[in-house]
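In what follows, a single structure is set out as structure tokens and then discussed.
Per chain, numbering begins at 1; letters A, B, ... match sequence-line order.
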2 protein chains.
Amino acid sequence: MSEANGPRPTLEAVAARAGVSRATVSRVVNGGAGVRGTVQEKVRRAVAELGYVPNSAARALVTRRTGAVAVVIAEPETRVFSDPFFGRQLRGISRELSAADTQLLLLFVAHRDDYDRIGRYLAAGHVDGALMFSLHRDDPLPAMAAGAGLPTVYGGRPGWPGAEREPRPLYVDTDNRDGARQAVRHLVERGRRRIAVITGPLDQTSALDRLHGYRDALAPAGPDPRLIADGAFTAHGGERAMARLLDAVPDLDAVFASSDLMANGALRTLRARGRRVPDDVAVVGYDDLEPAAWADPPLTTVRQDVEEMGRLMARLLLRRLGTQGAGGPALRPVITGAELVIRESSG
Amino acid sequence: MSEANGPRPTLEAVAARAGVSRATVSRVVNGGAGVRGTVQEKVRRAVAELGYVPNSAARALVTRRTGAVAVVIAEPETRVFSDPFFGRQLRGISRELSAADTQLLLLFVAHRDDYDRIGRYLAAGHVDGALMFSLHRDDPLPAMAAGAGLPTVYGGRPGWPGAEREPRPLYVDTDNRDGARQAVRHLVERGRRRIAVITGPLDQTSALDRLHGYRDALAPAGPDPRLIADGAFTAHGGERAMARLLDAVPDLDAVFASSDLMANGALRTLRARGRRVPDDVAVVGYDDLEPAAWADPPLTTVRQDVEEMGRLMARLLLRRLGTQGAGGPALRPVITGAELVIRESSG
DNA sequence: ACACGTCTTGAGAGCGCTCTCATATCGTGT
DNA sequence: ACACGATATGAGAGCGCTCTCAAGACGTGT
């Protein structure tokens, strides 16, 4: 890097130094197709000597491509950074994107007023596309993205009104219902009778689908409504939900928590109330991330390959961006499988 | 938002519709200084009708400002998303930045090859400045930022060789040494004799400073080297470090962990080995984030206002960006205080 | 009535790049 | 030797915006 820290060199400067035209330098910088080897060599040297780096704004202005995509998470930072689920998924996304030399911009939306800011940002063409997570039913984000014509892939099946209209939203999801069914069936098979459920916020499809899976496994009997509590997908929420469940139905003998984090919260409450796990109460979680293996006792849980889901989302978006005008093969949502992992907490 | 989803309207289009010149529209869009009220009104209406949003690339090209800053964390995603420290700090940063209508881009650097990509990104002028965290001693990032002339503020005192040369790097840090000193003194006062320490990676100044604080509190005696173990700032690392310490010095009666996460890991090991806390072994953590209050028993720890540190970093950078050429008052590093919070784990 | 300063507006250059199109260069077959 | 297509290079327009500068509109004091 040449340390002549003045104004940064432009294409023009490189061209002058290499004794060629701007156009030729541009060609070399972008791969060098159709430029003689000796000339390429000369240009490359000039680039190195000057420490030339293309100005991304100028490039974006003419190509109408920024080489960046936004990852939008509709949760407060503190929640995002305490749930390993996001980290894992983000890792998958980040892997896939950097392989395609695309930048990842992380945006959080928590407050009402953030929406405006983010909406403007997305519409301003800072990014070529967006990956959106953790949307709740009435989230205005999808409409904003659609309005701005921004290609978007969702994490989890979108549940907003009108999501079934064309064009169909693109998303990656796991079979939450089946996963929950497996978890609860497992508890039934172990002889548990009063199986409670701690749900996520029911305006998210993943939470709702897991609740449906729970219902499926208990059919045709149907669950006791007192055995259902909302844990908001946080450890704290799980803790409180467990307390409410125990108050309502003291003799419950199992609980299916729709996330490992909530299961951990439940475990805390059970311990505090002197219930032994799994002897008195069996516990099953969902996700199979660190908190599951770390729990005491280690959690029986439902595994989903979160990192792979992230990769799939990124790949879907990248493909979508590639086939902008060109019709290409129609892209469709992806549903991955769920698998029960049995550990000590379910007896 | 007008849903005529064709090519997005330009300034030109708005000008035509409002019956004024491009320049006037530009003025209105940027605040409207020096434009008559009635004209502003007219332009605003045209903007709304057309759903005009300024093209950020074009704007950035001429202003040489992008309105975005990068937050670079030199850790793998999985670590970042399991340590609430980052989340908290990021929240502070994000608050401060959005108040100034500046976007935050989050970038992770974990692998060797990420450095190239990020370096190019930072040099390409995608952002006006950078906030960097968790740098280790030989990190090439600062040199890259300096080479690209990118204004940068560091989280934690930089420890790379040459950091004392001009121009002095800007950073925000807490008084880690003093915090650690308070923690260990507290243990001494409680009558503990064999006080172990679990450190972070010693190529980070925060980890090193805390170790120094530990030494200070034990002076002039000086610590037994077998009482020092590295826990890498992770829960798992803390767990293993505690095991090593117990193997080496079975009768230790206290441990100062340089982060709450490591303290939690230590707690796990102690429980597994049948040591009671605080009766047999007193434990003190550092950070005072969720894991501290959540621990069993709740942790005595050293509080630092992490969110405020984030805010300060952002503010420092913003101020730095504001005073680009204009000399302004010289900006200087900020050191915040640390405060001992006593809970059950220290007896 | 006039000259003057102030406020408001428009014309036009130019930010650094890509890309089309025309021109220059080359190799090949006759 | 020549015409021809293929290949390599350069000239120049233009992406959408900001900003300087000049010109026009308007009010004030004499």
Side-chain angles (χ1 to χ4, degrees), chain A residues 6-44 46-47 50-68 120 123-126 128 148-149 324-325, chain B residues 6-44 46-47 50-68 120 123-126 128 148-149 324-325:
Chain A
R8 292 200 348 230
T10 69
L11 255 199
E12 193 74 51
V14 178
R17 176 146 196 147
V20 298
S21 75
R22 230 170 43 232
T24 298
V25 178
S26 174
R27 277 187 273 257
V28 173
V29 168
N30 291 293
V35 178
R36 237 181 333 172
T38 56
V39 177
Q40 284 203 34
E41 185 66 17
K42 219 167 33 176
V43 172
R44 292 243 156 72
V47 165
L50 260 34
Y52 170 75
V53 183
N55 176 317
S56 56
R59 179 178 277 176
L61 180 55
V62 26
T63 59
R64 281 127 198 300
R65 281 299 221 100
T66 64
R120 256 179 301 136
H126 282 105
D128 300 331
Q324 270 304 36
Chain B
R8 290 199 350 229
T10 69
L11 253 201
E12 193 74 51
V14 178
R17 177 146 195 147
V20 297
S21 75
R22 230 169 43 229
T24 299
V25 179
S26 174
R27 277 187 272 257
V28 173
V29 169
N30 291 292
V35 178
R36 237 182 332 170
T38 58
V39 177
Q40 284 201 35
E41 185 65 17
K42 218 166 37 173
V43 172
R44 290 244 157 72
V47 165
L50 261 35
Y52 170 77
V53 183
N55 177 317
S56 57
R59 179 178 276 174
L61 180 56
V62 26
T63 59
R64 284 128 196 301
R65 280 300 218 100
T66 63
R120 256 178 301 137
H126 282 105
D128 300 332
Q324 269 305 36

Margin query: To the nearest 0.5 Å, what is the distance between OG1 on A:Thr10 and CG on A:Leu50?
Written below: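 The OG1 atom of A:Thr10 sits 9.0 Å away from the CG atom of A:Leu50.
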Find the distance between CG (B:Leu61) and OG (A:Ser56) and round it off to the nearest 0.5 Å.
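Going from CG on B:Leu61 over to OG on A:Ser56, the span is 9.5 Å.
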To the nearest Å, give me how far apart [atom1] ([X]) and [atom2] ([N]) are.
| X | N | atom1 | atom2 | result |
| --- | --- | --- | --- | --- |
| B:Lys42 | C:dT8 | NZ | P | 14 Å |
| B:Glu12 | D:dC17 | CD | P | 9 Å |
| B:His126 | C:dC17 | NE2 | P | 12 Å |
| B:Leu11 | D:dG14 | CG | C1' | 16 Å |

Q.
Does any part of the side chain of A:Arg59, heavy atoms only, come nearer than 4.5 Å to the side chain of A:Asn30, both counted from C-beta?
A.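 Yes, side chains in contact.
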Q. Do B:Val20 and B:Val25 come close enough that some side-chain heavy atom pair is under 4.5 Å?
A.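 When only atoms from C-beta onward are counted, B:Val25 and B:Val20 do touch, with a gap below 4.5 Å.
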Open item on the list: Taking 4.0 Å as the cut-off, does a side-chain nitrogen or oxygen of A:Ser21 come that near to OP1 or OP2 on D:dG10?
Closed with: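 Answer yes for this pair, as a side-chain N or O of A:Ser21 is under 4.0 Å from OP1 or OP2.
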Tell me which residues in residues 24-38 of chain B lie within less than 4.0 Å of DNA chain D, going by non-hydrogen atoms.
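Heavy-atom contacts with DNA chain D come from B:Ser26, B:Asn30.
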Item checked: Check: A:Thr66 side chain, A:His126 main-chain N or O, donor-acceptor pair, under 3.5 Å ->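 Yes; judged by distance alone, with no hydrogens or angles, the pair exists.
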Check for a donor-acceptor pair, side chain of A:Arg8 on one end and backbone N or O of B:Ala123 on the other, with a separation under 3.5 Å.
->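 At least one qualifying donor-acceptor pair exists.
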Identify the heavy atoms of A:Val53 and B:Ala124 that sit nearest to each other, and give their distance.
->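 In this case the closest contact between A:Val53 and B:Ala124 is CG1-CA, 3.8 Å.
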* Asked: Among D:dA11, C:dG16, D:dT9, which is the nearest nucleotide to the side chain of A:Thr10?
  ->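 Output: C:dG16.
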- request: Kindly point out which of C:dT18, D:dC17, C:dT9 is positioned nearest to the side chain of A:Arg22?
  value: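 The nucleotide sitting nearest to the side chain is C:dT18.
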**Item:** Strand contacts (DNA chain C) in residues 57-64 of chain B, 4.0 angstrom heavy-atom criterion
**Value:**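 Going residue by residue through residues 57-64 of chain B, the ones with a heavy atom under 4.0 Å of DNA chain C turn out to be B:Leu61, B:Val62, B:Arg64.
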Listed by chain and number, what are the salt bridge (charged side-chain N to carboxylate O under 4.0 Å, His left out) partners of A:Arg27, not counting sequence neighbours?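 In terms of salt bridge (charged side-chain N to carboxylate O under 4.0 Å, His left out), with neighbours along the sequence ignored, A:Arg27 is linked to no residue.
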